[in-house]
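Note on naming: letters A, B, ... go to the chains in the order of the sequence lines (proteins, then strands), and numbering restarts at 1 for each one. Note that this is a predicted model, so its numbers are computed, not measured.
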Protein chains: 4
Amino acid sequence: MQPPWSVTEPVQAYRTVRERTEQLAAPLGPEDQVVQSMPDASPTKWHRAHTTWFFEEFLLGAGVAGTDPSYRFLFNSYYEAVGPRQARADRGLLTRPTVAEVAAYRTCVDEAVTALLEGGPHPLLELGLHHEEQHQELLLMDVAHLFSVHPLRPAYAADGPHPTASTGSAGWIDADGGTVEVGHAGSGFAFDNEGPRHEVLLRPYRLADRPVTCGEWCEFVDDGGYVRPELWLSDGWGEVRTRGWEAPAYWRRLDGDWHVTTLGGERRVVGDEPVVHVSYYEADAFARWRGARLPTEFEWEAVAAARWDDPREQWHGSVWQWTASAYLPYPGFRPAAGAVGEYNGKFMVNQHVLRGGCCATPPGHSRPTYRNFFHPEARWAFSGLRLATDR
Amino acid sequence: MQPPWSVTEPVQAYRTVRERTEQLAAPLGPEDQVVQSMPDASPTKWHRAHTTWFFEEFLLGAGVAGTDPSYRFLFNSYYEAVGPRQARADRGLLTRPTVAEVAAYRTCVDEAVTALLEGGPHPLLELGLHHEEQHQELLLMDVAHLFSVHPLRPAYAADGPHPTASTGSAGWIDADGGTVEVGHAGSGFAFDNEGPRHEVLLRPYRLADRPVTCGEWCEFVDDGGYVRPELWLSDGWGEVRTRGWEAPAYWRRLDGDWHVTTLGGERRVVGDEPVVHVSYYEADAFARWRGARLPTEFEWEAVAAARWDDPREQWHGSVWQWTASAYLPYPGFRPAAGAVGEYNGKFMVNQHVLRGGCCATPPGHSRPTYRNFFHPEARWAFSGLRLATDR
Amino acid sequence: MQPPWSVTEPVQAYRTVRERTEQLAAPLGPEDQVVQSMPDASPTKWHRAHTTWFFEEFLLGAGVAGTDPSYRFLFNSYYEAVGPRQARADRGLLTRPTVAEVAAYRTCVDEAVTALLEGGPHPLLELGLHHEEQHQELLLMDVAHLFSVHPLRPAYAADGPHPTASTGSAGWIDADGGTVEVGHAGSGFAFDNEGPRHEVLLRPYRLADRPVTCGEWCEFVDDGGYVRPELWLSDGWGEVRTRGWEAPAYWRRLDGDWHVTTLGGERRVVGDEPVVHVSYYEADAFARWRGARLPTEFEWEAVAAARWDDPREQWHGSVWQWTASAYLPYPGFRPAAGAVGEYNGKFMVNQHVLRGGCCATPPGHSRPTYRNFFHPEARWAFSGLRLATDR
Amino acid sequence: MQPPWSVTEPVQAYRTVRERTEQLAAPLGPEDQVVQSMPDASPTKWHRAHTTWFFEEFLLGAGVAGTDPSYRFLFNSYYEAVGPRQARADRGLLTRPTVAEVAAYRTCVDEAVTALLEGGPHPLLELGLHHEEQHQELLLMDVAHLFSVHPLRPAYAADGPHPTASTGSAGWIDADGGTVEVGHAGSGFAFDNEGPRHEVLLRPYRLADRPVTCGEWCEFVDDGGYVRPELWLSDGWGEVRTRGWEAPAYWRRLDGDWHVTTLGGERRVVGDEPVVHVSYYEADAFARWRGARLPTEFEWEAVAAARWDDPREQWHGSVWQWTASAYLPYPGFRPAAGAVGEYNGKFMVNQHVLRGGCCATPPGHSRPTYRNFFHPEARWAFSGLRLATDR
């Protein structure tokens, strides 16, 4: 799928991306936009302001006329080189600036950036747009979490993003392995963590031709998946016991049937839909239960690169897919100089790579080399899995 | 001071109290009204809805036409007899109903209550009005906390409630003690925890003729008040060390001067104003430092009852005053039957009594027998102290 | 009951108390004596060393020949005036000095104290002996806790202290109340917190003629005592839910019967024995369930003083009895000057008073004015209750 | 270095390993052997019993005559397939069985195993011996931690294990990379996590010819290593701030000089000794500060395999060396069937691999394919680092 914008038309690209954020926020009132439902999630208002700050800080330089100097503190996410900032877990305390003031901030920066781009391209524009697209997805994830912990489970929108049902039962795709090139190369945009492109050695393996479905997950649950320690990594079993997991996040039984809270509200679990909101631990345990395993990120990429747009196989657009690979730098990886060098590299520990892209990912945002990453216990992303085996 | 309403005119009383709540909420936008800044504080919106629920539940009976049945869950505070409820620490997750929907809920219940009262008095009206007045004060306290943890320290209102400066230096009021009657009796309204009226024996003692001021507190700080363990109760010293206390809550040094964040914004500490936002531990340590002590609640009441409206002595209207008395039932205390019996009695442990009334207390709400209570580490109330000594 | 020693014979008194500590430690091996089973409990070895340090510090002066200067740090409990000390929760990290070295420390200090006392009386001897007796009881309580959390529930000693069974069913003792003198006066020893003696006013009331028994507690359990929130203080109900309480500490059901772990090992609960290891919250809830209440400490003392040695009524020697009174200073209370002034006063907040004395209290140690105190959630003392009602 | 035993002489091998454990425990009294100084560390007594239980359970079968059936609960470490067990964090509550009883347990099992082995070899003997050797190292690590948190910092033994000083300044070893075989193959013993042997692709790189020294670490400290966020992974910087790290574990400044607590007691830091007790985060930050990086475990292995016994290069025998590799299964890895399959596989998440072997590792225990692993914040192992760079 192609993105609906191209950096070769910078002003239009900028407007397209920025307007999409506003559209995503539109169903949410001020109350919905300010609350932080857990330390890892951010308020919608904060996403809208932070993405704006990114353009101000890195394209315009801090101190754009009409903006508030305090925003440099309030809306810096984690850039140590920029300076001190509001603690991540305390973003929900920022009732000011109001939603309307954040909208005005967006307008003010939009005008300045547009003026800048009318004068010519900017080297960090593309990064800023992809950055904003990442926050578009985070915004949806965070809203889904917010509404999942509300006792009434309100809907974000009747047609809110949701994984598409699969079209058939899973078969295997055979791959020969061998020496394979992975990682990004070439002229298109990629984040720094996707490179350098390099060779890896793979053994022969198989990948499932679609993600695991909710129906298959119900079998796992019914077969004692959440009560059999032998299926789990030790840390995963600890989470199961401590947190009382007995199904994916946002699932609960009502009148004997599993229901799931989605961005469209709560409804019955549909067997053909890919399972989502599972942690790495659950994905790993499911795979073991099935006598399979999770693929490495390179096994995943080697096959996906050649079949990226086959919709029956759901490589992207439906669920992020946990891989067996820890999130680590590629050989020869070097972060960029300056503050933007903090973008990815400093998070390369304690996380696992997910590949693909989900229903909440902006169209065209992902690619076969894209590396998403979360802690192994995280469940609020649209995270599912695809099985692999040795041949 | 007289309250601006009388229960002998029920409709007018109801409207007066209800409108005052709305006036207090008026300076706050939807963002300000939904966020919960700590587990002990509640969002403004929740206060507005909970006080409404109280009238619905106890005067009208749950299920008033036009209201949402879920509100019985969302806005029940702690009444086990009513049923399950949103956990206190999670009130800030309730982005829905919106502020506008809560306003509509208020209107709907107001109409039904007004209709009810036009048919005659209701035995729980007065309790409901005093209950709402308590939440008016909580609303202001909670907003003060919310804005105190915002890095920009916004003002609630330029003329937000603040303790009035004292008019002179403190002298002592001598009291003979002996057998004294304390507690509420008679026909006026009082909460159940103010009775039964009973006799207590007091030794001769002295009470200061005004609360401790910020200027005196600065002397305490300068004399090492927060670094000398011998001044403190053991649990209090633990709080000092764990939480890094070095002055009252909402104080910080800027350019060498103590500043305080008030409902009117941040400004220099004024020496003649009563100190406020101190914990029981701090009040107790200050008294020890001064070679004095805190009065018991009965010592306080015995003097205050006779001098209640002497404004130079600030018995009420400025700061709540910590007493040495633990919050316990009076001899012969019996909670009311039914859910309203949970109003006070079940909190009678682990807290200390404060007497008086503060700048955020609705006019006429307090009286000499009034018993306020907080945990000894609490600092977000407008809590100060008045010294006592033996004679 | 008389204590087995008298301060009029100081050397003999000293030896008697010191030897009793050693006898209590005798059934315990080095492993048992070094482990700390929870932050509030101390290792036996630490009790043996700390009581010795008390004599060294306050009678001899720190630095007795043959002792280790580090002990002043290791075995100071909470005396800020003496200097820094091992954190309370970290006493279990002190594998050195060994149990044998602590025994040698005791011998060394014993010789020096004995020599001192042979030269004449010392004003702090009596305090030191009562202090050591308090630690004798703590030693047993702490061992009981240590063995209760061992999966095999070992016995301290077959005949370890245990509350004596009651001899009959409970009746009421009528008391007229009125102006009553309470608190210690006269020449006998008392802790500072027992005075000054003063008058209090009491209403007519009744006290049960014996403590509540295990059989009665079983009725409470069977009647839903631990699942009915209306019986509980709010903080108590929180503990029930958070900690999963469903019976007194050290109780569990085995094959359908309640068993209790005692210092003599685990055995069936005996209906006629006083219940023990209940928190203030449980005591309060039980009383409410029975339509009664807990007595104040003064109601308790006024009756107990006149009947102290009636064994059928178990005023002491069996269980400590929770009272409704918060632990606060008496009117006119002043701590002693110097470090020993930290003995009691600085703990006068957040606790409730227990009266009486238990099976683990040294003979003759307690008296009718004795004030024991624990936090309301504490259960590892031999804490039970006696009911009261208004007349 | 060769191990001092061979499985071809099973009885002698068994005795050799078992006696070494006893020798390691010999300097420790019962008090030292029972205390658990943190949840991740185990008491010496527990190590002695658990290694014995391993032989009982897996060679003899539970229920050897003369042993106590409760030991199956008490001394099972983490084998879900064997059954329930004492929680890891509660091993320090086990004052019983005593040290002497554990010694008797060892003797009893030793006799039965010896008798078994006299009848012929056993397939799990070798695993049991390597397992016990691992616990020999853990015993020393855990004792080092125990004594490090004792305020007097006692010595385990004057000649306790300590990293050997390096003989010269670091140079680089060039490696060509390419397709390299890694992992264990062949007839010698290896743990399951060391295989299957497989090929990996490596780029040209360099490895330092010795580990980083304390002198170099002091330069890092002096250059602001612990106060410059740009040097750290985000999670690592969080640890620095939260835990107040400013040097390796067990270091502190005394009179201006860095001192370190070792198994031989506290003494000045020696510049030529390899640094030890650093976390992965610190190792990673140090490498970044030096313009280098950590090697992957395969880069490390490829060079070490050819130079294993060059003592100037300290591949083993001095410090474990953090690698950039997350601890994950090798391609084709399958745990063994049955309970012993829980040995390694279920821990393959959230940890990083260390290679080499340290001063506390039993002689001959390690090999070039050996994979040790710890969480990235762990510092109580003898963990250091060796630098790498790209060529």
Quick check on the interface: out of A:L93, A:L28, A:L74, A:D90, who has the most heavy-atom pairs with chain B under 4.5 Å? A:L93
Inspect the surroundings of CZ in A:R241 and state if more than 12 heavy atoms from other residues, nucleotides or ligands are less than 6.0 Å away. no
Looking at chain A, which one of B:V149, B:V34, B:L146 has the largest number of heavy-atom pairs inside 4.5 Å, strictly under? B:V34
Top contributor to chain B interface from A:S37, A:P151, A:G29 [non-hydrogen pairs under 4.5 Å]: A:P151
Interchain contact, B:P154 with chain A, by part (heavy-atom threshold 4.5 Å): side chain
Beyond-backbone contact of B:D32 with A:R96, side-chain heavy atoms, under 4.5 angstrom: yes
To the closest 0.5 Å, what do you measure between CD (B:Q86) and CG (A:L152)? 8.5 Å
Just checking B:E22: does its CD atom have more than 12 heavy atoms from other residues, nucleotides or ligands closer to it than 6.0 angstrom? yes
Smallest heavy-atom separation, A:T95 atom then B:H150 atom, equals N-CD2, 3.9 Å
Nearest heavy-atom approach of A:A100 to B:E31 is N-OE2, 4.4 Å
